[in-house]
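Just follow the structure's listing: the first ligand is 1, and inside any ligand the first atom is 1. Just so you know, residue 1 is the first one in the sequence shown, and it goes up from there.
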Amino acid sequence: METRPSSSSAPPAMNLNLDNIRALQLLGKGATGTVFLVHDSVSDPSASSPFAMKFVDKPSASSLRRANWEIQILRRLSDDPDPNPFLPRLLTSSESPEFVAWAIPYCSGGDLNVLRHRQNDGVFSSSVIKFYLAEILCALDHLHSMGIAYRDLKPENILLQESGHVTLTDFDLSCTLNKPTRPEFYLSDPEPEPNPESKLSRLRFSRQKKKTKSARVNPITRRRMSFSGGDRSNSFVGTDEYISPEIIRGDGHDFAVDWWALGVLTYEMTYGETPFKGKNKKETFCNVLMKEPKFAGKPSDLTDLIRRLLVKDPTRRLGYRRGAAEIKEHAFFRGVKWDLLTEVLRPPFIPLRDDGESNGNVTASGFGIKDYFEKLKTNPLPLPHECSENNPFVDF
Ligand SMILES: Nc1ncnc2c1ncn2[C@@H]1O[C@H](COP(=O)(O)OP(=O)(O)OP(=O)(O)O)[C@@H](O)[C@H]1O
């Protein structure tokens with residue numbers, strides 16, 4: 001297989017010939033790509049330094065555009081002179097007639113969704129939530145400071161490194177926006193007022209064209225994707241239960257969509273379910289626009305934080321005026337040493353050696369990526385969470 005360098009301009013961090021890549025395990029499958037744990041059979045025949053690689057098979061024009069966009073964002077993160085410890089870096093990328101593919105470090109701890117389901121009652125304690133939120137908040141803060149709105153925050157996209165610290169993944173829905181110019185963004189500011197919920201009415205479901213297989217896996221995209229622009233974006237992107245009211249309304253949106261999603265995520269970590277889930281997409285969107293989240297139990301700093309993030313009017317949402325700084329000052333984070341997160345805080349869960357292997361079968365000799373996709377055409381494989389002892393995957 002002949003590969004040519006990916007269309008992005010900067011040199012790759014490592015050289016890669018896709019023909020030499022052998023997959024050890026299927027790590028995950030999303031709407032756009034398939035992610036494998038792989039090794040280079042020539043430079044690393046014993047697979048002592050495996051890494052994760054995302055493949056977009058036979059990309060259409062739009063998936064190629066999205067893939068190249070994700071590569072571009074990852075490259076920007078890698079070139080950052082002051083990289084954030086909770087964001088990934090690009091190891092290399094490659095493009096062939098069959099695939100566009102790129103490599104990032106392997107996160108052996110799986111994702112936050114899997115970890116939550118392993119907990120008693122499927123929820124995290126308040127101190128565990130504080131740990132993960134602090135790291136996610138720092139990652140989002142860093143992205144925003146680079147003018148990048150993430151737009152796909154959900155537990156499935158929060159991976160756990162071998163050290164137990166988080167890494168955000170999946171940047172194909174992100175977009176660049178002008179950095180906030182609100183003068184008060186960098187000044188101290190009073191707490192936002194309660195949301196009057198004044199003008200929530202204009203639903204535009206008819207605009208949504210794409211069907212999704214699973215709300216949690218597949219992002220939805222209305223209109224042609226717009227990756228970069230001015231102060232606000234008008235794309236309809238995200239995962240149903242995490243989509244903000246302003247995106248549903250088609251009002252245009254900015255960095256505050258990430259603070260909304262942070263509220264949904266915090267709610268899900270606290271209660272084991274998202275706050276606005278309906279029987280179907282339409283009901284979910286109605287709930288996002290109209291329904292107030294329900295809080296069981298006594299009010300606390302945690303519920304107050306969620307309530308302030310889930311304010312439907314983005315201009316009154318915590319984080320709108322002064323970004324992450326405003327959220328970091330919330331009482332829930334009292335005592336967090338923001339500058340020393342990786343040094344002071346011990347991660348609540350350190351992945352076991354085989355954590356990342358529990359989702360599927362690791363094949364000793366590995367299997368070819370091309371063979372995998374060929375075989376997939378004739379014999380559709382189960383998703384990783386459906387893998388069983390009968391998994392045809394082991395035939396490779
Ligand atoms: N570096 C990594 N280490 C371990 N597992 C990973 C890594 N990157 C991705 N995965 C797994 O693969 C899954 C799919 O990856 P990703 O979200 O990037 O694909 P996608 O096609 O863009 O998905 P989506 O439908 O959310 O857009 C993740 O949820 C995760 O379980």
- For ligand 1, indicate whether the residue Asn157 contacts it via side chain, backbone, both or neither (heavy-atom separation under 4.0 Å). side chain
- Task: Give the intermediate values and the outcome of salt bridge (charged side-chain N to carboxylate O under 4.0 Å, His left out) for residues Lys328 and Asp141.
- Result: CA-CA 10 Å; Lys328 287 177 183 174; Asp141 190 12; 3.2 Å; yes
- Query: Any N or O of Val35 that comes nearer than 3.5 Å to an N or O of ligand 1?
  - Reply: no
- Phe124 vs Phe131 side-chain heavy atoms within contact, under 4.5 Å: no
- Task: Answer with side chain, backbone, both or neither: which part of Ile104 has a heavy atom less than 4.0 angstrom from an atom of ligand 1?
- Result: side chain
- Under 4.0 Å from ligand 1, counting heavy atoms only, is it the side chain of Lys54, its backbone, both or neither? side chain
- Message: Distance under 4.0 Å to a non-hydrogen atom of Tyr106: what atoms of ligand 1 satisfy this?
- Response: 3 (N), 4 (C)
- Task: Would you kindly say whether Thr32 and Asp172 are connected by a side-chain donor-acceptor distance under 3.5 Å?
- Result: yes
- Query: Partners of Lys291 by salt bridge (Lys or Arg N to Asp or Glu O under 4.0 Å), sequence neighbours excluded?
  - Reply: none
- Query: Non-hydrogen atoms of Lys154 versus ligand 1: any pair closer than 4.0 Å?
  - Reply: yes
- For Arg66, is at least one N or O under 3.5 Å away from an N or O on ligand 1? no
- Task: Check whether any heavy atom of Ser108 sits under 4.0 Å from an atom of ligand 1.
- Result: no
- Message: With no hydrogens and no angle check, just 3.5 Å: does a side-chain donor-acceptor pair link Tyr242 and Glu268?
- Response: yes
- With sequence neighbours left out, the residues meeting side-chain contact (heavy atoms from CB on, under 4.5 Å) with Thr169 are Ile104, Asn157, Leu159
- Item | Ring-face cation of Lys130 near Phe332 (centre distance under 6.0 Å, axis angle within 45°) | yes
- Query: If you measure from atom 8 (N) of ligand 1 to every heavy atom of Leu159, Asp170, Leu27, which option wins on shortest distance?
  - Reply: Leu159
- Query: Thr32 heavy atoms, cut-off 4.0 Å: which ligand 1 atoms fall inside?
  - Reply: 20 (P), 21 (O), 22 (O), 27 (O)
- Query: Which of the numbered atoms in ligand 1 are below 4.0 angstrom from a heavy atom of Asp111?
  - Reply: 31 (O)
- Task: Check each atom of ligand 1 against the heavy atoms of Cys107 and keep those under 4.0 Å away; list them by number with element.
- Result: 1 (N), 2 (C), 3 (N), 4 (C)
- Regarding Ser174 and Trp69, is there a side-chain donor-to-acceptor distance under 3.5 Å anywhere? yes
